[in-house]
There are 2 protein chains.
Amino acid sequence: MAKTNAAFMSGIPELVVLRLLSRSQMYGYELIRAIRLASGESIVLAEGVVYPTLHGLEHRGLLKAKEKLVKGRVRVYYQTTAKGKKRLVALESDWHRINNGVEAILRRLICQS
Amino acid sequence: MAKTNAAFMSGIPELVVLRLLSRSQMYGYELIRAIRLASGESIVLAEGVVYPTLHGLEHRGLLKAKEKLVKGRVRVYYQTTAKGKKRLVALESDWHRINNGVEAILRRLICQS
DNA sequence: CATCATACCTATAACAAATATGTATAAGGA
DNA sequence: TCCTTATACATATTTGTTATAGGTATGATG
């Protein structure tokens with residue numbers, strides 16, 4: 001499932017989208033750049049990943065969309081809803097749990113059951 | 001793709017299997033417990049996940065298998081090959097990169113591009 | 001003798017990311 | 001003017017992997 005980001009990506013688009021849009025509203029194209037920049041180029045999501053993610057999250061009521069006409073071009077701004085923020089908290093918790101589990105295994109020098 | 005481990009699992013089975021079997025050989029059933037215990041119950045992989053992973057890794061030459069008869073029962077011990085260890089190094093690198101990227105986004109309090 | 005833990009296995013489903021396209025406008029350069 | 005690039009949206013299809021749900025068989029326990 002991986003080329004540009006090489007594995008370890010499941011759940012990441014939803015998590016980072018909900019997170020970034022929980023602080024400020026953004027439109028898709030802007031969000032894609034924001035993810036790339038904010039992650040230090042570590043996470044690069046193509047439009048074909050981000051737009052379906054946005055639509056899915058909106059459909060589930062986790063994002064709210066608002067169209068704006070800017071310089072003769074339509075932009076669709078999204079922001080995380082209250083429900084989306086609850087989901088975000090749960091996702092962050094899951095993410096840290098998995099993370100700690102993997103770290104524990106990677107760091108382990110000795111012993112096994 | 002997620003129930004027991006709720007998302008964030010892509011690539012994880014390959015990573016933790018290669019890692020644990022790079023230090024000591026184990027058989028599948030033992031490995032499943034080891035993953036659960038070593039991760040502090042954070043990562044629980046079912047047999048239907050682990051066995052196909054083992055077979056796939058062996059087929060790719062990243063693991064070496066060795067059958068043993070113990071107490072009248074066949075056990076298949078696996079250990080990570082040199083090629084598998086190279087793959088492990090690459091995977092750990094990828095994992096830390098993605099991880100840092102996500103952390104950077106989650107921790108970020110201010111600013112966006 | 002029945003049940004549970006051990007120990008292996010595989011087929012199918014489910015699901016999300018990656019890829020490849022496609023449309024259309026504005027801006028900038030030749 | 002024309003061409004190209006950046007912007008801005010969109011979706012269909014492919015791909016790849018985990019999750020689930022089965023199945024077989026032995027040894028130990030009560």
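Since the structure is predicted, the reported quantities are computational estimates derived from the model, not experimental observations. Labels below follow one simple rule: chain letters A, B, ... track the order of the sequence lines, proteins then strands, and each chain is numbered from 1.
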Non-neighbouring partners of Glu67(A) that pass salt bridge (Lys or Arg N to Asp or Glu O under 4.0 Å), sequence neighbours left out: none
Protein-nucleotide distance ([X], atom [atom1]; [N], atom [atom2]), rounded to Å:
| X | N | atom1 | atom2 | answer |
| --- | --- | --- | --- | --- |
| Leu69(A) | dC9(D) | CG | P | 12 Å |
| Glu14(A) | dA16(C) | CD | C1' | 10 Å |
| Leu15(B) | dG16(D) | CG | P | 20 Å |
| Ile32(A) | dA8(D) | CD1 | P | 11 Å |
| Lys68(A) | dA8(D) | NZ | P | 13 Å |
| Met26(A) | dT7(D) | CE | P | 16 Å |
| Leu91(A) | dA16(C) | CG | P | 11 Å |
| Ile98(B) | dA16(C) | CD1 | P | 18 Å |

Would you list the pairs meeting ring pair (Phe, Tyr, Trp, His ring centres under 6.0 Å) in which at least one residue belongs to residues 47-74 of chain A, sequence neighbours left out? none
Tell me what Pro52(B) touches on the nucleic acid: a base, only sugar-phosphate, or nothing, going by heavy atoms under 4.0 Å. base
Could you check if a side-chain atom of Trp95(B) sits within less than 4.5 angstrom of a side-chain atom of Glu103(A), using non-hydrogen atoms only? yes
Measuring only between side-chain heavy atoms, which start at C-beta, is Tyr78(B) closer than 4.5 Å to Glu58(B)? yes
Passes side chain to side chain contact (heavy atoms under 4.5 Å, CB included), Glu41(B) versus Arg97(A)? Steps please. CA-CA 9 Å; Glu41(B) 310 285 320; Arg97(A) 203 190 73 243; over 6 Å; no
Summarise how protein sits on nucleotides 1-8 of chain C as a single string, 5' to 3': B when a protein heavy atom is under 4.0 Å from the base, S for sugar-phosphate-only contact, - for no contact. -----BBB
Pair Gln79(A), Leu63(A) - check side chain to side chain contact (heavy atoms under 4.5 Å, CB included), show working. CA-CA 5 Å; Gln79(A) 66 181 86; Leu63(A) 292 180; over 6 Å; no
To the closest 0.5 Å, what do you measure between CG (Leu91(B)) and CG (Leu62(B))? 9.0 Å
Atom NZ of Lys85(B) and atom CZ of Arg19(B): how far apart are they, to the nearest 0.5 Å? 10.0 Å
What are the atom names and distances for every N/O pair under 3.5 Å that joins the protein to nucleotides 2-5 of chain D?
none

Sidechain N-carboxylate O distance under 4.0 Å for Glu14(B), Arg60(B): yes
Name all residues meeting the ring-ring contact (aromatic ring centres under 6.0 Å, His included) criterion together with Tyr27(B); count only those two or more places apart in sequence or in a different chain, and write none if there are none. Tyr77(B)
Residue pair Phe8(A), Leu15(B): steps toward the side chain to side chain contact (heavy atoms under 4.5 Å, CB included) verdict: CA-CA 10 Å; Phe8(A) 311 122; Leu15(B) 176 62; 4.0 Å; yes
Give the angle between the helix axes at the two ends of the helix from dC1(C)-dG30(D) to dA30(C)-dT1(D), taking five base pairs at each end and rounding to 10°. 10°
